[in-house]
Amino acid sequence: VSSAASSSLAGQPTVAWADAAVVIIDQTALPGTERLLRLTTVREVIDAVQRLAVRGAPAIGVAGAFGVALAARGPAGSFAAAVEALRIARPTAVNLARAVDRAASQFPAGPGAVLAEAERIAAEEVASSDAMARLGAALVIELCGDRARLLTHCNTGALATVTGGTALAVVFALHATGRLGGVVASETRPLLQGARLTAWELGRAGVPFRLAADGAGPFLMARGEIDAVILGADRVCANGDVVNKIGTYSHALGAARAGIPFLVVAPESTVDPDTATGADVVIEDRDPAEVTGFGGIAVAPAGTPVANPAFDVTPHDLVTAIVTDRRVIRLSIGQSMAAVPLGAT
Ligand code: MRU
């Protein structure tokens, strides 16, 4: 992996193809260091995905597709194994396996066709962000009125997609039109995507926000400081269950208790009609060291046993609405989604 220092990443897509390499913003280095990584082998792409140098459901899908483009330029005999390794690099977000399969399907037409398909997937995610921003902003205004105070979790901005974002794209759209009351970003332990990445994006965009510990979210809602929760998804199941960053479920319970909308913003590329419920999703368990320490500093006694699920499942009956790039799926608290199959778009 060769890295290039960059004084400003303004305008830089999170994932792109350039000069026979996958170029990503190195999210492990943010917010302290802004740098790009040039990934020139499938192994480097897999490693970047697993280390969360590139992360967020749409972004890992695009990175995986470009990884297939790298594989297609290599020996034909190793293509199938490379594709399989890419598609299982992380198990929970449906975007990865789906985008890898889509790019790989073009292999018979040659490496150029594979790359063209990967570029199409990237372009579709950019267009999706714009559509979600529009639909989501309209929904927030409809449900909460003007100048809503929102709480978000993890990072759903440009860094989780290509440019734009999912839930954070809605926040940016409301801010741009003067219709945002403020944002609380929850820090998102253990890897601090909220503190490191969302705070970085919101700060650069000049959006007024506060950072809060994850556990503060439900209390801020109870105290009347939040009008709606808005966040993303790694997989939306056929029954409307939402699989997203660990901590999402706690915010959903808090929102239900406080009686405020719980809104999920995710592109159709994250909606998975083939997975019936959240119980059917493989939840990634990550290294215990992520919980017992941070940045090389131990925060727990040596040898402490750990639970480190990277994602959780929010049952559909806690979800007020799911905004995709094509539709707003309205669910309401306590009402089963069984009659609204997500496969029909
Ligand atoms: O482990 P991560 O950082 O890849 O998890 C990301 C999330 O959970 C996001 O909320 C989700 O991918 C939606 S982002 C558009």
Side-chain angles (χ1 to χ4, degrees), residues 14-15 24-28 30 46 48-64 89-99 122 124-126 128-133 136 151-172 185-198 200-201 214 217 229-236 242-252 262-272 278 281-287 290-291 308-314 319 322-325:
T14 298
V15 197
I24 62 167
I25 296 175
D26 182 0
Q27 300 190 41
T28 63
L30 290 173
I46 291 170
V49 167
Q50 292 179 335
R51 291 186 304 111
L52 274 51
V54 58
R55 47 143 302 279
I60 62 173
V62 173
R90 293 188 79 188
T92 304
V94 68
N95 302 63
L96 178 59
R98 197 179 253 176
E124 286 171 16
E125 293 297 355
V126 172
S128 288
S129 283
D130 292 346
M132 286 182 285
L151 181 140
T152 192
H153 187 61
C154 196
N155 171 267
T156 62
L159 291 171
T161 55
V162 176
T163 62
T166 62
L168 220 55
V170 175
V171 168
F172 292 138
S186 63
E187 63 177 351
T188 319
R189 268 290 283 160
L191 294 180
L192 299 177
Q193 289 93 331
R196 295 188 304 108
L197 308 176
T198 299
W200 184 76
E201 287 200 50
D214 295 339
V229 174
I230 189 161
L231 37 67
D234 290 84
R235 193 181 295 241
V236 176
V242 170
V243 183
N244 190 49
K245 179 52 56 190
I246 193 74
T248 298
Y249 180 39
S250 313
H251 291 320
F262 182 85
L263 308 175
V264 175
V265 184
E268 293 287 341
S269 60
T270 299
V271 177
D272 181 14
V281 177
V282 177
I283 301 293
E284 178 185 6
D285 274 307
R286 291 185 59 88
D287 188 346
E290 293 178 351
V291 177
N308 189 16
F311 301 96
D312 60 25
V313 178
T314 297
V319 179
I322 299 169
V323 178
T324 81
D325 44 303

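Bear in mind the structure is a predicted one, so any value in this text is a computation, not a measurement. Counting starts at 1 for both ligands and their atoms, in listed order. Values below: every heavy atom of this structure, side chains too, minus hydrogens, waters and symmetry copies.
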Open item on the list: I'd like to know if the side chain of Ser128 pairs up with that of Glu268 as donor and acceptor (distance under 3.5 Å, no hydrogens or angles considered).
Closed with: no
Open item on the list: Between Asp312 (side chain only) and Gly247 (backbone N and O only), is there a donor and an acceptor less than 3.5 Å apart?
Closed with: yes
Task: ligand 1 to His153 polar contact by distance, N or O atoms, under 3.5 Å - done: no
- [ ] Return the option from Ala160, Ala59, Ala233, Gly56 holding the heavy atom at the smallest distance from atom 13 (C) of ligand 1.
- [x] Ala233
TODO: Taking salt bridge (Lys or Arg N to Asp or Glu O under 4.0 Å) as the test, write out the residues that go with Arg55, two or more places apart.
DONE: none
Task: Contact (N/O only, under 3.5 Å) between Ala57 and ligand 1 - done: yes
Task: atom 8 (O) of ligand 1: the protein heavy-atom neighbour that sits closest, reported with distance to 0.1 Å - done: Asp234 OD1, 2.7 Å
Open item on the list: Test your reading of the structure: does Thr156 have an N or O sitting under 3.5 Å from an N or O of ligand 1?
Closed with: no
Task: Minimum side-chain heavy-atom gap Gln27-Thr14 below 4.5 Å - done: yes
- [ ] Starting from atom 3 (O) of ligand 1, find the nearest protein heavy-atom neighbour and note its residue, name and distance.
- [x] Arg55 NE, 2.5 Å
- [ ] Answer yes or no for Asn155: is there a heavy-atom contact with ligand 1 below 4.0 Å?
- [x] yes
Open item on the list: Which residue and atom name correspond to the protein heavy atom nearest atom 5 (O) of ligand 1, and how close is it?
Closed with: Lys245 CE, 3.3 Å
TODO: Could you find the nearest protein heavy atom to atom 10 (O) of ligand 1 and give me its residue, atom name and distance?
DONE: Asn244 OD1, 2.7 Å
Task: Sub-4.0 Å atoms of ligand 1 with respect to non-hydrogen atoms of Pro58 - done: 15 (C)
Task: For Ala233, all residues meeting side chain to side chain contact (heavy atoms under 4.5 Å, CB included), sequence neighbours excluded - done: Val236, Val242, Val264, Ala266, Thr270
- [ ] Give the atoms of ligand 1, by number and element, whose distance to some non-hydrogen atom of Gln193 is under 4.0 Å.
- [x] 1 (O), 2 (P), 3 (O)
Open item on the list: Can you tell me if Tyr249 has over 12 outside heavy atoms packed within less than 6.0 Å of its OH?
Closed with: no
- [ ] Determine, for Asp214 against Arg189, whether the closest basic-nitrogen to carboxylate-oxygen distance falls under 4.0 angstrom.
- [x] no
Task: Thr166: numbered ligand 1 atoms lying under 4.0 Å from its heavy atoms - done: 15 (C)
- [ ] Flag Arg90 as yes when one of its N or O atoms lies below 3.5 Å from any N or O atom of ligand 1, and as no otherwise.
- [x] yes
Open item on the list: I need the minimum non-hydrogen distance between Ala160 and Pro58, along with the two atoms involved.
Closed with: O-CD, 3.3 Å
TODO: Among Asn244, Ile283, Val282, Thr248, find the one that has a side-chain contact (heavy atoms from CB on, under 4.5 Å) with Phe311.
DONE: Ile283
